[in-house]
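Structure first, then comments.
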Amino acid sequence: MITDAQRIAHLRTTIRQHNHRYYVLDDPEIPDAEYDRLVRELQTLEADYPALVTPDSPTQRVAGQPRPEFQHVRHRLPMISLDNAMTDEQLAEFHQRVATTLGNSDPIRYTAEPKLDGLAVSLRYEKGILVQAATRGDGTTGEDVTHNARTIQTVPLRLLGEDWPEILEVRGEVYMTRSGFARINEHLQRNGQKPFANPRNAAAGSLRQLDARITARRPLVFCGYGWGELSVAPGENQYAMLQRLATWGIPVSEELQQVAGLDGCRDYFVALEQRRDALDYDIDGVVFKLDRLADQAQLGATTHHPRWAIARKFPAQEELTEVQAVEFQVGRTGAVTPVARLRPIQVGGVTVANATLHNLDEVIRKDVRVGDTVIVRRAGDVIPEILRVVSERRPAAARIVELPRQCPVCGADVIRPEGEAIARCSGGLYCPAQRREALKHFASRRAMNIEGLGERLIEQLVTLDWAREPADLYHLTLEQLAGLERMGAKSATNLLAALERSKSTTLARFIFALGIREVGEATAQALAACFDGMPAIMQAEEADFIQLIEGIGPVVAAHLVGFFAQEHNREAIERLLAVGIQWPLSVLPVSATPLAGKTIVITGTLSRPRDEIKDWLQRQGARVTGSLSKKTDYLLAGDAPGSKRDAAQALGVQIIDEADLAAMLE
Ligand code: IVH
């Protein structure tokens, strides 16, 4: 048994080590959520044993040690931190405290803005000129990063306008956009250097470069959210003051808003959390500040944080857990993919028990071993991923992951061609896993759209050997189907009707449904637009000829030719045509429509389901793709088009709505 006093001592040592790694080395070992838990545990214990609190406890000062190489800067007004609210109740308590102190019945107005995940910086302007930039450091003393901050494009070297105070200290956050972070990490990796763990570390590491030329090459951004020393009084409220900063050229958050009362705070929080993943920068919560500066003054501050502001934090997206096993799954094209089985853990409110590892190269690059402690990240709907291994916690018995020689499902050899990241089961459609995946793909919504033919059912059909290939689906009988698990006569009848309906489709869907490697929807559309039927495509034996089709390169062409060269694939197609699959709806003659050959991206909400519109556009000969590029001809934008609209504008892609489309086709 360890005593509370021992636990306190242990926590202090651990937290100090983490502080050092985080603030001095820019190389944290554990996720923030884990760190916060350690600090909270220590705070709770210290609250229980006030006599054990020592001045050198990490709870007694704001962490952060200036690096010896930088000049130190003493902040004229301390840079204090923020208090956190992890739950709605804690936010309500904050609001209640504010209301009680202010004591009047007026509705309380707050400003709301994202809590940016970067590092706090103070910019000092004298007579409108940037004279000093300093990091927060321990809150009293920071590091002089003037040379580095001067390289950040969004930091004005000279303020705009004239009505600025002679002395103006702007406080704000330096951070890195997600796209910038991806770019820089790719660059570092290409040059054999260690990538940054996340955009925040990248921002910290970049700003605190002794060589400002390196900082200059890093995509850093500054956003102002407050102020320090001012030679004149700042006006009446927070919001107006930030807007004045903006008129002087200081960037402030596009998301900054005034909100009313606790309800206003909650609404803002919910709305921003929903958009969190769509932003191009990491945020870890929302900061609410009392808007009236007189009210702020009345509430005052502790040495650690103001009593007039609070950070309502989002649930953490990164957590620590353990890799209990690494298993291999076999996909539709035989790709053998490692999947980590994790000790189940809550991440951002959802239990995570598996994470994909993509391929063996990734396992090697991340050096993931069975038994390792890893940091898992789950963002929005994205599949959970292992960010990295906490190598300090690797047990001696950790086991290296090896590619199986035989397919774990059918036992056929696993082959990994020279220079390729992906290993494949050589069993082809003899492998039940590949067969199952191929059928799932065939039946899926964007392929043949066979309603009611889900994963479970396909699994049973494959196990019973009733469906070896897609055409078999169309030979299933009512008696067979009605006898399956979770199936009655009614659903069996419905399924047969759905199968019947699916026989009328488009050529593009049919080609896509075949599941030829690298042939996605866009390629299938391109093929459908150029050939007038399956026999014609199957006869195109020359890869060179297929490559003449826009959007089809040598690799895809080779896969196509290879696919059709195999007798069993041709036979499978013949059998499908024999059950009566046809495309009455397929393309018009290519030259006949103004959309023929145009590349279109769809965004926002349209008058009809997106798939329907997509099919219709394809029948007009258009190519519908998912992502914008310079080659895109039109962005078809519905309601709430989101960031694609801005991207299209930036790329010079013409933006049209449904009415424009109708007009074009007149
Ligand atoms: S205000 C006196 N506003 O959060 C109030 N801070 O956890 C001081 N941060 O050190 C901070 N976004 O680095 C404020 N919109 C925002 C912020 C923000 C990020 C950071 C800042 C601060 C830390 C405290």
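Whatever order the structure lists them in is the order used to number ligands and atoms, beginning at 1.
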If only side-chain N and O atoms count, and only distance matters, is there a donor-acceptor pair under 3.5 Å linking T373 with R393? no
In the protein, what heavy atom is nearest to atom 8 (C) of ligand 1, and what distance, to one decimal place, separates them? I80 O, 3.7 Å
The closest protein heavy-atom partner of atom 16 (C) of ligand 1 is Y225 CD2, 3.4 Å
If you have a sec, work out which protein heavy atom is nearest atom 15 (N) of ligand 1 and how many Å separate them, to one decimal? P114 O, 3.2 Å
I need the nearest protein heavy-atom contact for atom 24 (C) of ligand 1: residue, atom name and distance, please. S81 OG, 3.5 Å
Interfacing atoms of ligand 1 (cut-off 4.0 Å, heavy-atom, E113): 15 (N)
Give the single entry among M79, K289, R171 that approaches atom 1 (S) of ligand 1 most closely by any heavy atom. K289
Side chains of D4 and Y49, donor plus acceptor under 3.5 Å: yes
Atom 12 (N) of ligand 1: which protein heavy atom is closest, and how many Å away? L116 N, 3.0 Å
Write out the residue and atom name of the closest protein heavy atom to atom 2 (C) of ligand 1, then the distance separating them to 0.1 Å. P306 CG, 3.6 Å
Determine whether the side chain, the backbone, both or neither of L82 has a heavy atom under 4.0 Å from any heavy atom of ligand 1. both
Between E46 and R12, is there a salt bridge with N-O shorter than 4.0 Å? yes
In terms of residue, atom name and distance, what is the protein heavy atom nearest to atom 13 (O) of ligand 1? E173 OE1, 2.6 Å
Side chains of T111 and D291: donor-acceptor distance under 3.5 Å anywhere? no
Salt bridge check, R365 against E362: does any charged N sit closer than 4.0 Å to a carboxylate O? yes
Whether A309 lies under 4.0 Å from ligand 1, heavy atom: no
Ionic contact status for R200 with D284, cut-off 4.0 Å: no
Does a salt bridge link R37 with E34, judged by any charged N lying under 4.0 Å from a carboxylate O? yes
Looking only at protein heavy atoms, which one is nearest to atom 23 (C) of ligand 1, and how far off is it? K115 NZ, 3.7 Å
Are Q346 and T351 close enough, and set up right, to give a side chain to side chain donor-acceptor pair (under 3.5 Å), and what steps lead you there? CA-CA 4 Å; Q346 290 279 114; T351 306; 2.7 Å; yes
